[in-house]
Amino acid sequence: MPKRNQTLGEFIIENQADFAYSSGELSRLINSLRLAAKVVNHEVNKAGLVDIIGGYGETNIQGEDQQKLDVMANETFIQTLTNREIVCGIASEENDDFITIAGCDRDHQNKYVVLIDPLDGSSNIDVNVSVGTIFSIYRRVSPIGTPVTKDDFLQAGNNQVAAGYIIYGTSTMLVYTTGNGVNGFTLNPALGSWYLSHPDMKIPTTGKIYSINEGNYVHFPQGVKDYIKYCQEEKEDRPYTSRYIGSMVSDIHRNMIKGGIFIYPKSSKATNGKLRLLYECNPMAFIVEQAGGKATDGFKRILEIKPEELHQRVPFFCGSTRMVEKAEEFMAQYGD
Ligand code: AHM
Ligand code: MG
């Protein structure tokens, strides 16, 4: 039973037996992520103080300008996981291809791969709005002791062993699941310790918040347009409130606590939406489902989609179950 104010270290030790195939490896991996998160948190917090923000002169493979903190966060997570030889492979939203950890075919027998979006919502950094890290952990499907393969990363989300996010907000939180519910830890920056502040998180079954970039309204499918009009209708408990930070971790974290729906649909400009199945949607879907919510592409469960590419995008409807189901009803009227 989670105890409030327990540290993350204590929590991991106490709950180690809950991890499937527990050998301590997954615990050590989550420990590495919490360490890297503290380093990134430190840098994010001083972003306004030093000349660290702004374009880094590189464009990532999605064609977006990278900012220095994206690069720093990417390197911090990759280096921490690499130095500790805790995984056999890493795939990052910021890298074209996956990384094979040296020695995974000889010296160490690690069985996990990590997929990571090191700093999501990074266009918000230079305006002092919350950003986040999202991670997802799978057991490799190729034999232990051989180099990792692309198939180790292209697994359906329901194979996830663990997933989590870190939100660098008014306080810094680490929220994660290993498939036994969701727990949230808040960083005490003075002590550098994470404390269990949100044990066994449950998303309300319905809510009054809808989060979508309505600026793209004219490009949305008719089902989404109709759902937005439904949210705005004066009837029963509506109209709902619109809240869109543009930083998915923050938008979903708020909806997890207050109840709500987050939608990033496809549009006539972006045929599969914007968000990446492997780095963004699968981990958030696993967390939200573990908290009792629902995540689909408007028609089918995100966690059942078999990925075909590392950087595949997918429409995303995620949040309170009854709200996602209502949005799906509108989508179903028009088909995909
Ligand atoms: P990023 O990975 O380049 O930071 O993009 C992902 C972010 C999400 O956090 C957010 O929900 C979305 O992009 C906002 O996009 P838009 O500005 O198109 O609404
Ligand atoms: Mg992202």
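Atoms within a ligand are numbered from 1 in the order they appear, just like the ligands themselves.
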Checklist line | With the Mg ion (ligand 2) as the apex, the OD2/OE2 angle for D117 and E280 - to 10° | finding: 90°
Notebook entry, point to check: What do you reckon, is NZ of K235 surrounded by more than 12 foreign heavy atoms closer than 6.0 Å?
Noted result: no
Notebook entry, point to check: If you measure only the distance, is there a donor-acceptor pair under 3.5 Å linking the side chains of N31 and R34?
Noted result: yes
Margin query: Which label fits Y230 and Y227: parallel for a plane angle under 30°, tilted from 30 to 60°, or perpendicular past 60°?
Written below: parallel
Item checked: Atoms in ligand 1 with a heavy atom of G246 nearer than 4.0 Å -> 9 (O), 10 (C), 14 (C)
Notebook entry, point to check: Where on F316 is there a heavy atom closer than 4.0 Å to ligand 1, on the side chain, on the backbone, on both, or on neither?
Noted result: neither
Margin query: Looking only at the aromatic ring of each residue, does the gap between the centers of Y279 and H311 stay below 6.0 angstrom?
Written below: yes
Margin query: E280 versus ligand 1: do any nitrogen or oxygen atoms come within less than 3.5 Å of each other?
Written below: yes
Notebook entry, point to check: Between R243 and Y210, is NZ or CZ placed under 6.0 angstrom from the six-membered ring centre and within 45° of the ring axis?
Noted result: no
Next item on the list: With heavy atoms of S122 as the reference, note each atom of ligand 1 found under 4.0 Å away.
Entry: 4 (O)
Note to self: Under 3.5 Å between any N/O of S247 and any N/O of ligand 1: does that happen in this structure?
What the structure shows: no
Check: Does the distance from a Lys or Arg side-chain N to an Asp or Glu carboxylate O, for K294 and E325, drop under 4.0 Å?
Finding: yes
Note to self: Under a 3.5 Å threshold, yes or no: a donor from one side chain and an acceptor from the other, between N282 and S136?
What the structure shows: no
Note to self: Does any N or O of ligand 1 fall below 3.5 Å from an N or O anywhere on E93, backbone included?
What the structure shows: yes
Checklist line | Polar atom proximity, V249 to ligand 1 (N or O, under 3.5 Å) | finding: no
Note to self: Looking only at N, O or S atoms in E93, which is nearest to the Mg ion (ligand 2)?
What the structure shows: OE1
Check: Which is closest to atom 7 (C) of ligand 1 by heavy-atom distance: M284, R276, K274?
Finding: K274
Checklist line | Residue D117 vicinity, atoms of ligand 1 by number, heavy atom under 4.0 Å | finding: 2 (O)
Checklist line | Of all N/O/S atoms in D120, the name of the one nearest the Mg ion (ligand 2) | finding: OD1
Notebook entry, point to check: Among the heavy atoms of Y279, does any lie under 4.0 Å from an atom of ligand 1?
Noted result: no
Checklist line | F262 and Y244 aromatic ring geometry - parallel, tilted or perpendicular at 30°/60° bounds | finding: parallel
Item checked: ligand 1 contact on D120 by region, counting heavy-atom pairs under 4.0 Å -> both
Checklist line | Subset of ligand 1 atoms that lie under 4.0 Å from at least one heavy atom of M248 | finding: 8 (C), 9 (O), 10 (C), 11 (O)
Note to self: Is there a polar contact, in the sense of an N or O pair closer than 3.5 Å, between L119 and ligand 1?
What the structure shows: no
Margin query: Is it the case that the side chains of Q232 and E214 hold a donor-acceptor pair, with the cut-off being a distance below 3.5 Å and no angle test?
Written below: yes
Item checked: Polar contact flag, side-chain donor to acceptor under 3.5 angstrom, N74-S92 -> yes
